[in-house]
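All ligand and atom numbering here is 1-based and tracks the order in the structure. These numbers were taken from a predicted model, which means no experiment stands behind them.
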Amino acid sequence: MALYSEKVMDHFRNPRNVGVIEDANGIGEVGNAKCGDIMKMYLKIKDGVVEDVKFETFGCGSAIASSSMATELIKGQPVEEVKKLTNKAVAEALDGLPAYKMHCSVLAEEAIQSALKDYQERTGEKILN
Ligand code: FES
């Protein structure tokens, strides 16, 4: 069996939503101290919905695929749903990741949480529990 699913390879080769949102109102940056990978997530939230999302990831293929899939899962979704997104859901949407690569999907969950927290701090709007 191939180590990585077709979906992981596809999102690694053709990542969706790469880049920067200049007028983002929620920005999160997280890193993994062990591997040194860094993920930055930009959210544009309006009327309780993630209207746009982009990412920049300096990291391994699984981290790039996880960021890409995570942006697809949250784009156009209500914040109430977005805040519940787990790394497990990201990995499942990619048809799985090898066990030792699960931490790469954790970065995606953390980057989104960090961007939501940033949004909350900037706007004073309570969206996280
Ligand atoms: Fe560090 Fe993948 S090896 S995020």
Side-chain angles (χ1 to χ4, degrees):
M1 202 191 98
L3 190 54
Y4 293 109
S5 73
E6 285 289 320
K7 274 195 191 165
V8 172
M9 292 312 292
D10 177 35
H11 279 263
F12 166 57
R13 292 196 180 111
N14 310 293
R16 315 336 184 233
N17 306 307
V18 175
V20 174
I21 300 177
E22 294 297 344
D23 61 344
N25 52 12
I27 301 173
E29 184 172 333
V30 292
N32 181 299
K34 255 192 176 164
C35 63
D37 292 355
I38 296 167
M39 192 182 292
K40 197 164 179 179
M41 200 64 79
Y42 300 84
L43 302 179
K44 177 80 184 164
I45 297 173
K46 198 169 167 229
D47 300 331
V49 171
V50 174
E51 278 200 328
D52 200 10
V53 50
K54 289 204 187 300
F55 78 91
E56 293 175 309
T57 291
F58 180 81
C60 74
S62 298
I64 291 166
S66 294
S67 335
S68 171
M69 179 54 87
T71 62
E72 287 224 305
L73 291 173
I74 68 171
K75 197 167 183 173
Q77 296 300 312
V79 169
E80 279 309 305
E81 292 303 315
V82 170
K83 72 183 193 188
K84 289 188 249 166
L85 185 75
T86 60
N87 78 295
K88 222 174 143 242
V90 174
E92 271 167 21
L94 286 168
D95 291 339
L97 284 169
Y100 69 98
K101 284 285 176 180
M102 278 306 279
H103 79 271
C104 316
S105 64
V106 172
L107 273 188
E109 177 186 329
E110 288 178 352
I112 291 168
Q113 289 296 324
S114 165
L116 290 173
K117 190 163 170 276
D118 181 53
Y119 173 82
Q120 181 166 280
E121 281 165 11
R122 286 177 193 228
T123 62
E125 192 184 320
K126 181 143 175 55
I127 53 169
L128 297 172
N129 303 327

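Under a hydrophobic clustering in which Ile, Leu, Val, Met, Phe, Trp and Tyr are joined whenever their side-chain heavy atoms come within less than 4.5 Å, directly or via other members, V8 and L85 fall into the same cluster.
Under 4.0 Å from ligand 1, the heavy atoms of H103 that appear belong solely to its side chain.
Side-chain atoms of E72 do not come within 3.5 Å of backbone N or O of R16 as any donor-acceptor pair.
Distances from atom 2 (Fe) of ligand 1 show that C60 has an N/O/S atom below 2.8 Å. Atom 2 (Fe) of ligand 1 has C104 among its coordinating residues (N/O/S atom, backbone or side chain, under 2.8 Å).
Residue contact check: A63 has heavy atoms under 4.0 Å from atoms 4 (S) of ligand 1. Heavy-atom contacts of C35 reach the following atoms of ligand 1: 1 (Fe), 3 (S), 4 (S) (cutoff under 4.0 Å). Below 4.0 Å from some heavy atom of L107 lie the following atoms of ligand 1, by number and element: 4 (S).
V20 pairs with exactly one of E56, K54, K40 by the side chain to side chain contact (heavy atoms under 4.5 Å, CB included) rule, that one being E56. With respect to D52, the salt bridge (Lys or Arg N to Asp or Glu O under 4.0 Å) criterion is satisfied by exactly one of K46, K75, K44: K75.
Atom CD of E6 has 12 or fewer neighbouring heavy atoms from other residues, nucleotides or ligands inside a 6.0 Å radius.
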TODO: Output, in order, the C-alpha distance, side-chain angles, deciding distance and verdict of side-chain hydrogen bond (donor to acceptor under 3.5 Å, both in side chains) for D95 and S5.
DONE: CA-CA 6 Å; D95 291 339; S5 73; 4.9 Å; no
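Residue-level check: among N/O/S atoms of D37, OD2 sits closest to atom 1 (Fe) of ligand 1.
Not a single heavy atom of K34 sits closer than 4.0 Å to an atom of ligand 1.
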